[in-house]
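Here the structure is laid out as structure tokens; the discussion comes afterwards.
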Amino acid sequence: QVQLVESGGGLVQPGGSLRLSCAASGSISIISVMGWYRQPPGKQRELVAHITSGGTTNYTDSVKGRFTISRDNAKNTVYLQMNSLKPEDTAVYYCNVLWRGKGYWGQGTQVTVSS
């Protein structure tokens with residue numbers, strides 16, 4: 001069983017930065033994939049970025065060059081550094097991990113980009 005706790009969301013001006021964290025707790029070993037999803041108002045949830053246990057990363061095109069996903073395997077924590085934020089990045093951001101073939105979701109954290 002995995003429990004995910006997210007933090008780091010908030011209100012930021014366009015062009016600003018935020019760093020999201022998601023810490024996994026429980027009796028777990030290696031988490032295969034850790035990722036971030038987001039759900040803008042009135043839209044479906046979409047993948048933002050994910051990172052494998054080996055450090056391979058992938059990003060959706062709209063965030064490439066602006067967002068960076070990373071993980072600390074010793075702490076079972078995944079991060080999302082978000083730079084050059086745009087109003088269209090406004091969404092609820094959810095952490096998701098795959099462990100032993102099952103997916104687990106964080107509670108979500110609101111990111112609002114507005115002047």
Side-chain angles (χ1 to χ4, degrees):
Q1 183 174 331
V2 177
Q3 173 133 347
L4 305 177
V5 179
E6 301 180 25
S7 62
L11 175 65
V12 66
Q13 295 182 342
S17 298
L18 286 173
R19 186 176 181 87
L20 306 183
S21 299
C22 175
S25 62
S27 299
I28 57 177
S29 55
I30 299 297
I31 298 176
S32 299
V33 182
M34 309 184 82
W36 291 94
Y37 294 72
R38 67 185 181 186
Q39 188 165 14
K43 300 179 68 176
Q44 289 188 302
R45 191 173 301 184
E46 64 180 0
L47 176 68
V48 177
H50 65 78
I51 183 169
T52 70
S53 60
T56 301
T57 60
N58 281 285
Y59 301 89
T60 190
D61 286 343
S62 63
V63 308
K64 287 181 179 177
R66 300 189 297 119
F67 291 11
T68 302
I69 188 170
S70 61
R71 62 189 287 172
D72 185 335
N73 289 333
K75 298 181 178 180
N76 281 326
T77 300
V78 62
Y79 307 93
L80 186 67
Q81 178 67 47
M82 304 183 293
N83 298 327
S84 302
L85 283 162
K86 305 174 180 179
E88 49 263 46
D89 295 318
T90 295
V92 178
Y93 284 70
Y94 297 90
C95 177
N96 179 266
V97 305
L98 292 177
W99 179 69
R100 301 186 68 176
K102 295 178 61 178
Y104 299 85
W105 290 97
Q107 80 278 8
T109 184
Q110 178 70 49
V111 172
T112 302
V113 185
S114 176
S115 59

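None of the values given here were measured: they were computed from a predicted structure.
A disulfide (SG to SG under 2.5 Å) check over residues 76-115, counting only residues at least two apart or in different chains, returns the pairs C22-C95.
When side chains are defined from C-beta on, L20 counts as touching M82, because their heavy atoms get closer than 4.5 Å. At a threshold of 4.5 Å between non-hydrogen side-chain atoms, the residues L98 and I31 do not count as touching. Residues L4 and V97 are in side-chain contact: their nearest non-hydrogen atoms beyond the backbone lie under 4.5 Å apart. The shortest side-chain heavy-atom distance between I69 and V78 falls under the 4.5 Å cut-off. When side chains are defined from C-beta on, L85 counts as touching F67, because their heavy atoms get closer than 4.5 Å. Residues S115 and P14 are in side-chain contact: their nearest non-hydrogen atoms beyond the backbone lie under 4.5 Å apart.
S17 and N83 are linked by a side-chain donor-acceptor pair at a separation below 3.5 angstrom, with hydrogens and angles left out of the test. Using a 3.5 Å distance cut-off with no hydrogens or angles, the side chains of Q110 and T112 do pair a donor with an acceptor.
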| R38 and V63: CA distance, side-chain angles, deciding distance, side chain to side chain contact (heavy atoms under 4.5 Å, CB included) verdict | CA-CA 12 Å; R38 67 185 181 186; V63 308; 4.0 Å; yes
| Going through the distances and angles, do W105 and Y37 end up as a ring pair (Phe, Tyr, Trp, His ring centres under 6.0 Å)? | CA-CA 10 Å; W105 290 97; Y37 294 72; 5.0 Å; yes
| task | Give the intermediate values and the outcome of salt bridge (Lys or Arg N to Asp or Glu O under 4.0 Å) for residues K86 and D89. | result | CA-CA 5 Å; K86 305 174 180 179; D89 295 318; over 6 Å; no
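The environment of Q13 atom CD is sparse: at most 12 non-hydrogen atoms of other residues, nucleotides or ligands sit within 6.0 angstrom. The number of heavy-atom neighbours closer than 6.0 Å to CD of Q44, taken from other residues, nucleotides and ligands shown, is 12 or below. Other residues, nucleotides and ligands place no more than 12 heavy atoms under 6.0 Å from the CD atom of Q3.
In this structure, Y59 contributes its side chain and R66 its backbone to no donor-acceptor pair below 3.5 Å. Here the side chain of T77 pairs a donor or acceptor atom with the backbone of K75 at under 3.5 angstrom. No donor-acceptor pair under 3.5 Å is formed between the side chain of T52 and the backbone N or O of V33.
In plain terms, the two heavy atoms of A24 and V2 that are nearest each other are CB-CG1, 3.9 Å. Closest non-hydrogen pair, L18 versus V12, comes out as CD1-CG1, 4.0 Å.
Partners of Y94 according to the ring-ring contact (aromatic ring centres under 6.0 Å, His included) rule, which considers only residues two or more places apart in sequence or in another chain, do not exist here. Scanning for side chain to side chain donor-acceptor pair (under 3.5 Å) contacts around N96 gives an empty result, with sequence neighbours left out.
Note that the CE atom of M34 and the CG atom of L80 stand 12.0 Å from one another [nearest 0.5 Å]. How far OG of S114 is from CG of L11: 6.5 Å, rounded to the nearest 0.5 Å. In this structure, CD1 in I51 is found 10.0 Å from OG1 in T68, a value given to the nearest 0.5 Å. Separating the CD atom in Q39 from the CD atom in E46 is a distance of 9.5 Å, to the nearest 0.5 Å. Here the CZ atom belonging to R19 is positioned 10.5 Å from the OG atom belonging to S7, to the nearest 0.5 angstrom.
Relative to the ring axis of Y79, R71 does not place its NZ or CZ within 45° and under 6.0 Å from the centre.
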